[in-house]
2 protein chains.
Amino acid sequence: MNITLRQLRYFKALAEDLHFGRAADRCAISQPALSVQIRELEENLGVELFERQPRALRLTQRGEEFAERANPILQAVDELGDWAQTARGRGLSLLRLGIIPTIAPYLLPNFISALTEAHPKVDLHVRETVTPRLVDELLDGQLDAAIVALPLDEPALVETPLFTEEMVLIRPNTDQNATPVQLDTLASMRLLLLEEGHCFRDQAISFCNINPNRPGGGLDGSSLGTLVQMVGAGIGVTLIPEMAIDVETRSAPVCINRFDAPAPQRSIGLAWRASNPMGEMLNELADIVQKAAGRGEDQQPAA
Amino acid sequence: MNITLRQLRYFKALAEDLHFGRAADRCAISQPALSVQIRELEENLGVELFERQPRALRLTQRGEEFAERANPILQAVDELGDWAQTARGRGLSLLRLGIIPTIAPYLLPNFISALTEAHPKVDLHVRETVTPRLVDELLDGQLDAAIVALPLDEPALVETPLFTEEMVLIRPNTDQNATPVQLDTLASMRLLLLEEGHCFRDQAISFCNINPNRPGGGLDGSSLGTLVQMVGAGIGVTLIPEMAIDVETRSAPVCINRFDAPAPQRSIGLAWRASNPMGEMLNELADIVQKAAGRGEDQQPAA
DNA sequence: GATATTCATAGGTTTTAGTTATGGAGATCA
DNA sequence: TGATCTCCATAACTAAAACCTATGAATATC
């Protein structure tokens, strides 16, 4: 009642050999098996494809037409097999990666070159937004992986820690320079923070043990760069991750203070859906990110 | 070990529904059956096509690629089914018809119009040559049918008589006109014949009971038209089938004599390979030729 | 007339596909 | 929190499909 690929393959062999015995050999089946399959194909179609003469077998006109349609199908199926073989062996082809904004600008340049070095053909799509969106899009299947601050505490996601980074205090140049500070001295300063939604804001708040209600008097910055400029203008102080130091403090009259141990720090990791069958490759991706961060030695398991 | 169309159909259903239960319903199988087939497809390919999450099923990147390749294949197979349905119902599409030269010019005009009336879309290829070639090409599968003089006596061929036609004597105008002649009076005349190979030559020879060795002194004509012209020039007399009278005697100074009964006649029929599955249609074709000959009432079975 | 070639058919076996029953893991709800 | 529900996977068994060997019929060949 239904055409099968097997029948099409047998038909093709018979159409080429025009001899049941030889065609059956080529198909590695017995002659009666071929006879039956061809008969069933013709019955299914309701069309006679072969003209059986006692001595000579030949395609009917309909058989010729059928061959012209059947052969491309078989070819397409073969190509599907080839595709599978390639797909099986090959690594990433498309990587839809999310990154939080407080990491993206500092990590991406290194990461992109490391990635294209390891996987020259990969097509990278980067999505830069705050963690909750990244998590949603991961769960949704819109992203393959995301670089975020750990932990996420999403049971459907796997997290692999990449590195930890310390936070540093940025103060106006007019303040006394370069002296390590204690965390608790922060409470007395006007601390400028990122807008709500950024995980870095929450981390800063929790590290400093300060009142989460507008510690900067509503003067939230939309990026670390903005915060640093604000500090340079003498409005207050801020925290930034050490990774951002080079880029952000270059053009502002600020000084950088590291904290005394134990310095506040956060763990950055790669997350993906536990069910993603590319898991193995995403582990490899984590290695690449780690190298790109140039901080493989800092790795430490997330809590 | 091998992709099947069944697997592709199931894959398509699942890729569309992204739900095993519903997709299985659509395929009219149970959910476990679908599960197994999908798993086997993935194992065959060595590629995971679906990402199974507890709540949400989704195509992997590979699965998307696979769908893009599998769907056209399924579509082509469906079209193959449509083609079969059409092919089953439809009549002739290509007709490779052979005709002997002593019939062709007189029958073809009527036949072609009758054929295109009955089968407007048919593609007609006409091959005009002598009977032995036609028979060879029929047996070879180069022709579908041929209009020839019966009997052919080829076991592999079926013959259907179409009509019989009498032969008439063509004499120069200077002879006494319009008097029916006896066959045996021919022996005394110089009879002009077609070249060797034409069945009509042999038929004329046998009808007249004359010596087959060059009765015309080597003056064989290559067509009935030539023969009539030669008669008009007073070289001798000839026989032509009555069908040819109108066309061939119009422009020559000749007169036509019918024979007394029993007049010499030949049986014209349609022949095709007994093994040709279009036999039914070729019977219909015979009817069309018969009507075209305008002599359906003359039909008589071949010996 | 005997033999060989070639395809079709028949009976029995193996393989494949399908069914129902069941299990487990994660959501959902009281 | 435990009970229930949804959803897919697995297992054991059954039905269907595909295949093989043996054999037959028709024709060509010696």
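No hydrogens, no waters, no symmetry mates; every other heavy atom, side chains included, goes into these values. Naming: A, B, ... by sequence-line order, numbering from 1 per chain.
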Can a side chain N or O of Ser30(B) be found less than 4.0 Å away from OP1 or OP2 on dT19(C)? yes

Which whole-number value in Å describes the distance from [X] [atom1] to [N] [atom2]?
X	N	atom1	atom2	result
Leu8(A)	dA18(D)	CG	C1'	16 Å
Leu14(B)	dA9(D)	CG	C1'	14 Å
Asn2(B)	dA18(D)	CG	C1'	14 Å
Phe50(B)	dC7(D)	CZ	P	16 Å
Ile38(A)	dA18(D)	CD1	P	13 Å
Leu41(A)	dA17(D)	CG	C1'	15 Å
Leu139(B)	dA28(D)	CG	C1'	14 Å

Can you give the donor-acceptor pairs under 3.5 Å from side chains of residues 97-104 of chain A to other protein atoms, not counting sequence neighbours?
from, atom 1, to, atom 2, distance (Å)
Thr102(A), OG1, Arg266(A), NH1, 3.4
Thr102(A), OG1, Arg266(A), NH2, 3.1

Here the salt bridge (Lys or Arg N to Asp or Glu O under 4.0 Å) pairs for residues 62-85 of chain B, sequence neighbours left out, are Arg90(A)-Glu65(B)

What salt bridge (Lys or Arg N to Asp or Glu O under 4.0 Å) pairs are there with at least one residue in residues 25-36 of chain B, not counting sequence neighbours? Glu16(B)-Arg26(B), Asp17(B)-Arg26(B)

Could I get the full list of side chain to side chain donor-acceptor pair (under 3.5 Å) partners for Gln85(A), not counting sequence neighbours? none

For Phe11(B) and Phe66(B), take the angle between the two ring planes, folded into 0 to 90°, and tell me which bin it lands in: parallel under 30, tilted 30 to 60, perpendicular over 60. perpendicular

Can you pull the ring pair (Phe, Tyr, Trp, His ring centres under 6.0 Å) pairs that have at least one residue in residues 13-35 of chain A, sequence neighbours excluded? none

Treating primed atoms plus P, OP1 and OP2 as sugar-phosphate and everything else as base, which nucleotides of nucleotides 6-17 of chain C get B, S or - for protein heavy atoms under 4.0 Å? SBBB-------S

